[in-house]
Amino acid sequence: MKTNSSLEFSRLAEYYSRLESTTSRIEITKILSSLFSETPKEEIPLVCYLTQGKLRPDYEGVELGVAEKLALRALGLATGLNIEKVSEVYLQFGDIGKAAEKLVSQKAQASLFSSRLTLKQVYDSLLKISKLSGQGSLDAKLRELVGLLNSSTPLEAKYIMRIVMGQLRLGVADYTILDAAAEAFLGSKEFRQDIEKAYNVHPDLGFVVSKAAEEGISGIRSIGVQIGIPIRPMLAERLESAVSIFEKLGKRELAAEYKLDGERLQIHKDGEKVILFSRRLEVITHHYPDAVELVKKYLKANKAIVEGEVVAINEDTGEYLPFQELMHRRRKYGIEEAMKEYPVSLNLFDILLFEEKEMIDRKYIERRKMLESVIEQEERIMPVPMIMTSDPDRVERYMQEAIANGCEGLVVKDPDSTYRAGAREFAWIKLKREYRSELTDTLDLVIIGGFHGKGRRAGTLGTYLLAAYDDKRNVFSSVAKIGTGFTDEDLRKLPEILKEYSMSVKPQGVESNIEPDIWFKPHLVIEVIASEITLSPTHTAAWDRIRKGTGISLRFPKFTGRIRDDKGPEEATTVDELVEMYKKQLKKIESEG
Ligand code: ATP
């Protein structure tokens, strides 16, 4: 690790080239670890963010937002070629990075790279591009990008263009970066768990890795829960019945809570300042000014982090309403009216920090007690309804009651469990009625393409191509085409949302044998139901996994009306989950037959 001048960007590009040429996690870790050792300490955060194709941690919401068209124009200006020629090369390669490499190399013969680009220059320039908005910003972005390209070598141009278009997919998972940091700075595998825990409570790779670089293991262990920094949420597993939950956990007594159908909020209160984070850790304070007021008024703590579900309610009866009602609250303007028209209640289910006390390592039962004691209960703010019981029948009855009251079912919790940030484990278990019906659950799939509509849908996209996430291989594999369940409003709205993610070539990290009219970068997740999972000769999800030369697909897929913008594409239903569901379905058919 150096502490003097900035890393040359060409070094980073060489490392990226090496990373690209391997899929072995061990090899990737080694390469990264050597990259970290070579990077000046103050630049370690920059390397962490860029390697993920980002500029800042996700929760800060910094996006590069350079569309395909702008990228192509910049390449044209930097290389002195017209847009038709640039597009031709781009379509030929199907990859903005390779196209840039080629075009810049052709030009390179004429020009010498007098000044070498540094990592800091590239990073600052990209950050500047991301901050430009409003009138004239397109031109300003263009100028900045052309400036960068003018000083780039072909290899540098390749990665710069991939980064600006959100197409840098080096296959480096967050956890691999943590592995490499442990290897480079902590020197022992036994500290791997510590660094992972630090990341789960402070999900900023740049911060965590540079802490390891500067202070070693003691620095990592000093990272704790902090107001203003969102904690990665604990997630739930699922089981089919109360009996199986008791069996699985082997506990006499369990806590059963209503599973409310709203939006998850992680609420940070610091005096009069309140921040609301979504499930994907985005700041959504502005959607719920009424929830903020409730917290200020009824949460009896100066400093606290609590979690709960905000749910739309019927003001007259106090009944919970379905999630869809909350969609009306996601707007930039007219929030005041929306607040009156679609009132909400705040139902808290956890406490992670109380004053100076970190609560995540306390048992559920202690946290629940603390939660109950800090909420001044009122009509619109309360702890979620909960019972403690040792009787599976009581759990089943409680689930019926929850469903009758407008909930999805229950979340059953192990009373001895700590808050496992970022983990999906059997400490929280979902119990829903729909698990007993046909296809076990709804699926959350990513839109990767669209087809022009016919007839009544002419002029818009009538059908979409969906993918599941293959988390082992870090790719999005096609699983179905979907054309039902969309309202006219959906058909108008979806292309609008998707516009900025459209591409004329297949995006990096997408696998599909079907060629849609328009490709979309994996971004938008929608909820889908289907009657069953089938084998498919065309769709690529789970290719060769169940049968050779075959993938899986969905029979009668239908949009439920729910856009899952609380989930990122990597949080979509995974290919492994689909395979699991397919096997379960077979078992069911066998046992019924
Ligand atoms: P689903 O699609 O079933 O909501 P998911 O993948 O979005 O699942 P899970 O972690 O599997 O999320 O399910 C837990 C979610 O249920 C939480 O993120 C939260 O929004 C919601 N929820 C509602 N009530 C509770 C509760 N009492 N305790 C924990 N989570 C709850």
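Both counts, for ligands and for their atoms, begin at 1 and track the order of listing. Index from 1, following the sequence.
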Problem set entry | Contact (N/O only, under 3.5 Å) between Val384 and ligand 1 | no
Exercise. Going by an N to O cut-off under 4.0 Å, is there a salt bridge joining Lys340 and Glu315?
Worked result: no
Exercise. Could a heavy atom of Lys567 be found less than 4.0 Å from some atom of ligand 1?
Worked result: yes
Exercise. Based purely on interatomic distance, does Glu408 place a nitrogen or oxygen under 3.5 Å from a nitrogen or oxygen of ligand 1?
Worked result: no
Exercise. Any idea which part of Lys430 is under 4.0 Å from ligand 1, heavy-atom wise: side chain, backbone, both or neither?
Worked result: side chain
For this session: Return a yes/no value for Arg424: is any of its N or O atoms, backbone included, closer than 3.5 angstrom to an N or O of ligand 1?
Result: yes
Problem set entry | Salt bridge flag under 4.0 Å for residues Lys300 and Glu376 | no
For this session: Give a yes or no on whether a salt bridge exists between Glu307 and Arg264, defined as a side-chain N under 4.0 angstrom from a carboxylate O.
Result: yes
Exercise. Would you say the side chains of Asp179 and Thr176 form a donor-acceptor pair under 3.5 Å?
Worked result: no
Problem set entry | Close-contact set for ligand 1 against Arg279 heavy atoms, below 4.0 Å | 5 (P), 6 (O), 7 (O), 12 (O), 18 (O)
Exercise. Under a 4.0 Å N-O cut-off, is there an ion pair linking Arg280 with Asp58?
Worked result: no
Problem set entry | Thr463 (side chain) donor-acceptor with Gly483 (main chain) under 3.5 angstrom | no
For this session: Could you see which bit of Leu235 sits under 4.0 Å from ligand 1, with heavy atoms only: side chain, backbone, both or neither?
Result: both
Exercise. Looking only at non-hydrogen atoms, which of Glu257, Glu307, Arg238, Lys259 approaches atom 4 (O) of ligand 1 most closely?
Worked result: Lys259
Problem set entry | Electrostatic pair Glu511-Arg473, nearest N-O below 4.0 angstrom | yes
Problem set entry | Close-contact set for ligand 1 against Leu260 heavy atoms, below 4.0 Å | 23 (C), 24 (N)
For this session: Establish, from distance only, whether the side-chain atoms of Asp350 and Tyr419 form a donor-acceptor pair under 3.5 Å.
Result: no
For this session: Measure from atom 2 (O) of ligand 1 to every heavy atom in Glu263, Glu527, Arg564, Glu309 and give the option owning the shortest one.
Result: Arg564
Exercise. Does Trp428 approach ligand 1 within less than 4.0 angstrom via side chain, backbone, both or neither, non-hydrogen atoms only?
Worked result: side chain
Exercise. Can you list the atoms of ligand 1 that are under 4.0 Å from a heavy atom of Lys413?
Worked result: 26 (C), 28 (N), 29 (C)
For this session: State whether a side-chain donor-acceptor pair under 3.5 Å links Asn474 with Tyr469.
Result: yes
Exercise. Is there at least one pair of N or O atoms, one from Ala236 and one from ligand 1, spaced under 3.5 Å apart?
Worked result: yes
